[in-house]
Amino acid sequence: MQPYSSARDEFEGMAPVMLDANENSLGSVGPDDFSRYPDPHQRAIKADLAQLKGVTPENIFLGNGSDEAIDLLVRLTCTPGQDSIVVCPPTYGMYEVAANLNDVRVEQLPLTPDFQLAANAAQLLAASSAKLVFLCSPNNPTGNLLAQDAIEAILRSFKGFVVVDEAYADFAMSPSWTTRLPEFPRLVVLQTFSKAWGLAGLRLGVAYGSPELIAYLNKIKPPYNISAATQQHALAALAAAPQLPEMQAELLNSRRWLAEQLPLLPIVEHVFPSDANFLLVRFNVDATAVYDQLRARGIVVRNRTTQPGCAGSLRLTVGTTDENAQLLQALTEIGAELPTEVATSR
Ligand SMILES: Cc1ncc(COP(=O)(O)O)c(C=O)c1O
């Protein structure tokens with residue numbers, strides 16, 4: 001298809017008189033001037049990000065959150081009513097939502113009870129005609145990294161695109177799959193500014209891939225998908241990148257503290273190991289009752305009890321030191337108050 005050619009595609013930069021895009025030359029209503037359309041190619045962010053990540057700007061697609069990249073990947077590679085994608089539950093729900101929205105079939109390749117890829121995953125995928133497989137590592141909601149050799153085997157066996165979603169990779173002690181892009185032309189790596197960067201409200205996600213794939217994503221995206229406000233804030237954040245490790249270290253310390261403290265509570269059955277900024281916790285009491293009681297105390301967590309392999313489990317995001325202490329105190333009180341008949345049934 002012929003992509004939309006925007007005014008800012010045809011003329012780059014600023015001239016003294018800009019009357020090409022039907023903007024409001026008088027300025028903006030409100031305190032800040034956003035009267036001009038943003039750079040549709042987001043050149044400044046890509047230049048900085050390329051340097052930070054050791055890739056080229058041609059390897060980078062920027063989306064309105066990685067959720068936009070997920071949707072565009074499905075739309076780019078799948079024919080509605082005909083093609084399929086593969087997901088590995090329990091995992092991030094938007095892969096399936098994007099597929100459903102685009103009338104694309106979803107094949108399930110469930111993770112093992114310890115939330116790893118099945119031993120025969122690469123073999124099964126070799127025989128699959130699916131166009132995409134989504135591998136979330138560290139996985140949401142389980143928190144663990146998927147084994148590197150299992151992902152590598154899939155990259156070698158599967159004929160479609162392998163999307164490794166690294167939304168939580170900044171909390172893991174493992175090299176990013178972006179370092180392997182030159183080896184695997186069908187590898188796509190998703191990252192986001194929503195987690196370790198603390199910029200979920202901005203909506204900025206990144207897909208790294210081969211220049212060919214990225215060119216196609218850029219061709220089908222809405223022309224101005226990243227707002228001027230987001231581009232300005234992202235550039236400021238990238239300039240402040242040296243602050244990132246300090247914040248990361250603090251969150252990792254808090255994760256360690258919670259992972260040590262939670263198992264000491266009588267209502268906690270198991271704290272799953274985490275490489276992310278959250279912990280999946282299995283309770284030996286009715287987890288939904290725990291969820292409700294936390295909510296009644298003003299603490300909102302994520303109820304994951306209905307997810308495959310996550311019976312009795314809640315997902316707890318690591319918060320500030322004070323929030324974590326409040327959470328632990330509330331769980332201690334809830335454990336003491338829960339009636340014994342609830343405490344014996346899951
Ligand atoms: C695994 C995973 N991927 C992607 C996203 C979405 O990220 P974004 O805020 O960039 O759309 C999330 C958000 O929770 C997530 O858990």
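When a ligand or atom number is given, it counts from 1 through the structure's own listing order.
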**Student:** Once you round to the nearest 0.5 Å, how far does CD of E107 lie from OG of S128?
**Tutor:**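 Rounded to the nearest 0.5 Å, the CD-OG separation comes to 4.5 Å.
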**Student:** Determine, using heavy atoms of E68 and all atoms of ligand 1, whether some pair is separated by less than 4.0 Å.
**Tutor:**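 It does not; every heavy atom stays at 4.0 Å or beyond.
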**Student:** I need the contact type for S66 against ligand 1. Using non-hydrogen atoms and a strict under-4.0 Å cut-off, is it side chain, backbone, both or neither?
**Tutor:**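 For S66, backbone and side-chain atoms both sit under 4.0 Å from ligand 1.
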**Student:** Check contact between Y168 and ligand 1, using heavy atoms of the residue and a distance below 4.0 angstrom.
**Tutor:** yes
**Student:** Does ligand 1 have any atom that is closer than 4.0 Å to a heavy atom of M94?
**Tutor:** no
**Student:** So F272 and V281, do their side chains get closer than 4.5 Å, heavy atoms only?
**Tutor:**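 The answer is no, as the side chains (C-beta and beyond) never meet within the 4.5 Å cut-off.
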**Student:** Just need the protein heavy atom nearest to atom 11 (O) of ligand 1, so name the residue and atom and give the distance.
**Tutor:**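 Ranking protein heavy atoms by distance from atom 11 (O) of ligand 1, first comes R203 NH2, 2.7 Å.
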**Student:** Below 4.0 angstrom from a heavy atom of C136, which ligand 1 atoms are there? Numbered from 1 as shown, please.
**Tutor:** 1 (C)
**Student:** Is the terminal nitrogen or CZ of R315 (NZ for Lys, CZ for Arg) located under 6.0 angstrom from the six-membered ring centre of F278 and within 45° of that ring's axis?
**Tutor:**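 Ring-cation test returns yes.
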**Student:** For the pair R8 and E23, find out whether any cationic side-chain nitrogen is under 4.0 Å from an anionic carboxylate oxygen.
**Tutor:** yes
**Student:** Below a 4.0 angstrom heavy-atom separation, can you tell me which part of D67, side chain or backbone, both or neither, approaches ligand 1?
**Tutor:**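 Both the backbone and the side chain of D67 come within reach of ligand 1.
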**Student:** Taking distance alone, with no angle check, do Y92 and ligand 1 share an N/O pair under 3.5 Å?
**Tutor:** no
**Student:** First locate atom CD of Q123, then atom CZ of F158, and finally report the distance between them rounded to the nearest 0.5 Å.
**Tutor:** 15.0 Å
**Student:** Looking at S194, which atoms of ligand 1 are within less than 4.0 Å of one of its heavy atoms?
**Tutor:** 8 (P), 9 (O), 10 (O)
**Student:** In Å, rounded to the nearest 0.5 Å, how long is the span from CG of L49 to CZ of F193?
**Tutor:** 5.0 Å
**Student:** Do me a favour and list the nearest non-hydrogen protein atom to atom 3 (N) of ligand 1 with residue, atom name and distance?
**Tutor:**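 So the nearest neighbour among protein heavy atoms is D165 OD2, 2.6 Å.
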**Student:** For atom 14 (O) of ligand 1, which protein heavy atom lies nearest, and how many Å away is it?
**Tutor:** K195 NZ, 2.8 Å
**Student:** According to a hydrophobic-cluster definition based on side-chain heavy atoms being under 4.5 Å apart (Ile, Leu, Val, Met, Phe, Trp, Tyr only), do F171 and V271 belong together?
**Tutor:**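 Same cluster: F171 reaches V271 through Ile, Leu, Val, Met, Phe, Trp or Tyr contacts under 4.5 Å.
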**Student:** Ring-plane angle category for F184 and W177, please: parallel below 30°, perpendicular beyond 60°, tilted otherwise.
**Tutor:**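 Answer is tilted, since the angle falls between 30° and 60°.
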